[in-house]
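Step one of this worksheet: look at the structure below.
Labels below follow one simple rule: chain letters A, B, ... track the order of the sequence lines, proteins then strands, and each chain is numbered from 1.
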Number of protein chains: 2
Amino acid sequence: MNDSSIQLDSRERTLLRTLIESYISDGQPVGSRNLARASGLKVSAATVRNVMADLEDRGLIQAPHTSAGRVPTTAGYRLFVDSLLEVRKPSREQIDAIESRFDPGASTQDLLDSASSVLSQVTRMAGMVRLPRHRNVALSQIEFLRLGEGRVLAILVIDGREVQNRVLELERDFSQDDLQRMANYLNAHLAGKSLHTVRAELLREMREVRDDLDAQMLAAIDLGEQALGDEDPDDVVVAGQTQLLGYEELADMERLRQLLEAFNEKREILGILDQCIRGDRVQIFIGRESGLDWFENCSVVTAPYSVDGEVVGVLGVIGPTRMSYDRVVPIVDVTARLLGSALNVRGESPDSQ
Amino acid sequence: MNDSSIQLDSRERTLLRTLIESYISDGQPVGSRNLARASGLKVSAATVRNVMADLEDRGLIQAPHTSAGRVPTTAGYRLFVDSLLEVRKPSREQIDAIESRFDPGASTQDLLDSASSVLSQVTRMAGMVRLPRHRNVALSQIEFLRLGEGRVLAILVIDGREVQNRVLELERDFSQDDLQRMANYLNAHLAGKSLHTVRAELLREMREVRDDLDAQMLAAIDLGEQALGDEDPDDVVVAGQTQLLGYEELADMERLRQLLEAFNEKREILGILDQCIRGDRVQIFIGRESGLDWFENCSVVTAPYSVDGEVVGVLGVIGPTRMSYDRVVPIVDVTARLLGSALNVRGESPDSQ
DNA sequence: TTGTGGCACTCGTCCGGAAGGAGCGCTGAT
DNA sequence: ATCAGCGCTCCTTCCGGACGAGTGCCACAA
């Protein structure tokens, strides 16, 4: 990444990796003697001390106080996950265990819930799943129901399975018969097309044929336009926040509170996940890299998931920076894949339920 | 309450109250010297010691260890809130501040959200609101939409404003026309009546006229029965759980975790609130009185709220047992009243939105 | 030049004991 | 009944010493 990392020779790399692994596994600053032994290198502790001094100069590790062992810095972790990390492949059993949690017959919402609780339970950290963007889902049907003076309930059936409804506030009042006719008109023209297409088509018609159509149809188009407007559900599913209470490096109450608050608000979580949606592999955020100060001592591991070859969302976990990346990364990875295929299977056979 | 409390003479009562107030305000065990001074009584510390020994014998206070001051027990708190507590009336400004948080134009959901976040912010503890039971709300309209083979979407419009929809899985398949006819039948017979009445009527018809009606109508009744079945939204709105992280008497991570988990699951919270729905005034639960072990060191203050003179739900706060009941009780009380009237106003003029 | 062993020094942690203070129970006097 | 006094218990805080882990530096060997 940056030039200081390029200059690391093989021994330095080995020692840095061993140091970080050791620190991750027991949370204690690691000293030269132990590091020399653990590294497997045939060098003395004194030599290791010299190397450690170099690494400290480059900002990769630091000593909490004089004559304590060394601890990785954010930059150290960064280098570690970028070029030193060797992930363990998840075992067959693990994969099966995760897969068994995805019921192919379940609704989208249930699948997302499963994914985030699987993530949280398997990693013992907090799991989160960004809702899938609606890609080329087909509009099956649209209906209107008059609620009262100028208030209309629009019901969209998508993909023959999911239902959304919205209350529209209109300028003028329509009778139920009017509404029925408009729904018929829209259904005849639009049913089966993707939401995207439908919107585009409505806008086009509105511009092109404004003068040729009778008022009724114009109103219908306008209504459809309103009903379909702004449809992406900007949300995220989280699970297992409380797992984070177990990590003593997060024991600062004020920080912890900000962290949990972020999960409640969901806004910042959403921002983080949206940053990760570009890129097609597992991504890792370390500490404050994301710019949030409550993120000290926390890291995020994310992976995008896709349906039909197209990335539709991101999922991931959030936990202490001192986490077993070699274990967590493949779990997140495989969960993303499995969620993708579960959604995929579902989308192909809407009648399977 | 129990007979030990009856026997308290005036001086004992004063001392117990002073002790608890003092402990609530600074969290330290209180000794005889300080208590004698704070009580305002013209007695010496030695006399106070004697009284304290009596109170300890009756299980109202206890010493954390030999020669420490005394601390109230659960029973002590109980007696305190039942017969010693003098609540401070909330100031006009406080009431106005709370009232201003309830926007009369807002939806039910928004009002409940406001209520629970007001509770949490004003008391600096966690706030919760039990969803209102649907009482005599009128069914305005019912519609059915065919989703696919045997799957039907039922749409209920209630009170002309709220919309609920449910997906029904049916044995046999109906065409959209069939469904339309059944909806017409049900609307003609039932619209405008209360949900309660409607259910009762459907059940009665089903039993009485099973043989006289044609299959179509029978099916309609059956469908309506399914669509209306089990309609109460068993849920609760919570806010400000993270406030609880600030109290050092709840600093035990494991307990804290169970506590937050309870807020996530909502089930136990619901149980607690449901216990409080009987009774028309503020109620207080102290420590494990509710039988939950994670409740150690916690208390709940609740008040029912009513619309049209009928109790429809409960709201309250949960916080450390060592809380300022004199401040919290009136806040909960007034919030319940204001939520009630906000809902009431709203219900009377369904067109105001 | 690079690695190594040795040595002095720095900190943090872990007792143990002493001092101080808060508070209790008991008793005898009013 | 109330109260002052006394002896006692226990918690907290502070201090100093022992210990161990670890560092930095230097002189020396390969």
Side-chain angles (χ1 to χ4, degrees), chain A residues 7-16 18-73 76 248-249 251, chain B residues 7-16 18-73 76 248-249 251:
Chain A
Q7 301 171 3
L8 289 190
D9 66 24
S10 146
R11 191 172 63 186
E12 287 171 320
R13 293 163 59 90
T14 307
L15 286 174
L16 178 57
T18 313
L19 185 147
I20 295 184
E21 282 168 353
S22 159
Y23 179 68
I24 284 176
S25 88
D26 24 301
Q28 296 299 326
V30 10
S32 53
R33 175 178 224 73
N34 289 328
L35 183 54
R37 184 145 28 83
S39 70
L41 261 35
K42 294 275 175 281
V43 296
S44 75
T47 308
V48 170
R49 279 202 284 281
N50 290 328
V51 176
M52 286 166 88
D54 288 353
L55 293 176
E56 183 159 25
D57 286 345
R58 301 196 215 198
L60 298 172
I61 59 179
Q62 70 186 36
H65 56 79
T66 331
S67 96
R70 302 307 217 292
V71 158
T73 62
E248 64 277 11
E249 58 260 57
Chain B
Q7 301 171 3
L8 289 190
D9 65 25
S10 148
R11 191 172 63 186
E12 287 171 321
R13 293 162 59 91
T14 305
L15 286 174
L16 177 58
T18 312
L19 186 149
I20 295 184
E21 282 168 354
S22 160
Y23 180 70
I24 283 177
S25 88
D26 28 301
Q28 297 298 326
V30 9
S32 53
R33 176 178 222 71
N34 289 327
L35 183 53
R37 187 147 26 84
S39 70
L41 260 35
K42 294 275 175 281
V43 295
S44 76
T47 308
V48 170
R49 279 203 285 281
N50 290 329
V51 176
M52 286 167 88
D54 288 353
L55 293 176
E56 184 159 25
D57 285 344
R58 302 196 214 197
L60 297 172
I61 59 180
Q62 70 186 34
H65 55 79
T66 333
S67 95
R70 302 307 216 293
V71 157
T73 61
E248 64 277 10
E249 58 259 58

Check: Can you tell me how far C1' of D:dT2 sits from CG of B:L15, to the nearest Å?
Finding: 14 Å

Item checked: Any N/O donor-acceptor pair, A:S67 side-chain to D:dT23 base, under 3.5 Å -> no

Notebook entry, point to check: So, is A:R70 close to the D:dG24 phosphate, meaning a side-chain N or O under 4.0 Å from OP1 or OP2?
Noted result: yes

Notebook entry, point to check: Counting just side-chain N and O atoms, does A:T66 come under 4.0 Å of either OP1 or OP2 of C:dC11?
Noted result: yes

Checklist line | Smallest separation among heavy atoms of A:L19 and A:P72, with atom names | finding: CD2-CD, 3.9 Å

Next item on the list: Measure from the side-chain heavy atoms of B:M52 and tell me the nearest of C:dC24, C:dG3, C:dC7.
Entry: C:dC24

Margin query: In this structure, how many angstroms lie between the C1' atom of D:dC3 and the CZ atom of B:R49, rounded?
Written below: 10 Å

Check: Quick one: which of A:L41, A:V48, A:L35 gives a side-chain contact (heavy atoms from CB on, under 4.5 Å) with A:T18?
Finding: A:L35

Next item on the list: May I ask you to list the residues of residues 30-44 of chain A, by number, that have any heavy atom positioned under 4.0 Å from an atom of DNA chain D?
Entry: A:G31, A:S32, A:N34

Notebook entry, point to check: Atom OG in A:S44, atom CZ in A:R37: separation rounded to 0.5 Å?
Noted result: 13.5 Å

Check: Just checking B:A68: base, sugar-phosphate only, or nothing, at a heavy-atom cut-off of under 4.0 Å?
Finding: sugar-phosphate

Next item on the list: Enter the distance from A:N34:CG to A:S39:OG here, rounded to the nearest 0.5 Å.
Entry: 11.0 Å

Check: Could you give the distance from CG (B:L16) to CZ (B:R58), rounded to the nearest 0.5 Å?
Finding: 10.0 Å

Next item on the list: State whether the side chain of A:D26 and the backbone N or O of A:Q28 hold a donor-acceptor pair below 3.5 Å, judged by distance alone.
Entry: no

Next item on the list: Using whole Å, report how far CG of B:L55 lies from P of C:dG23.
Entry: 17 Å

Next item on the list: Would you kindly give the CD-to-C1' distance between A:E56 and D:dG24, to the nearest whole Å?
Entry: 11 Å

Notebook entry, point to check: Which nucleotide in the list C:dG12, D:dC3, C:dG6 gets nearest to the side chain of A:H65?
Noted result: C:dG12

Item checked: Distance in angstrom units between A:Q28 CD and C:dT13 P, rounded -> 10 Å

Item checked: Protein-nucleotide distance (B:D54, atom CG; C:dC26, atom P), rounded to Å -> 12 Å

Item checked: side chain to side chain contact (heavy atoms under 4.5 Å, CB included) assessment of A:I61 paired with A:M52 -> CA-CA 8 Å; A:I61 59 179; A:M52 286 166 88; 4.2 Å; yes

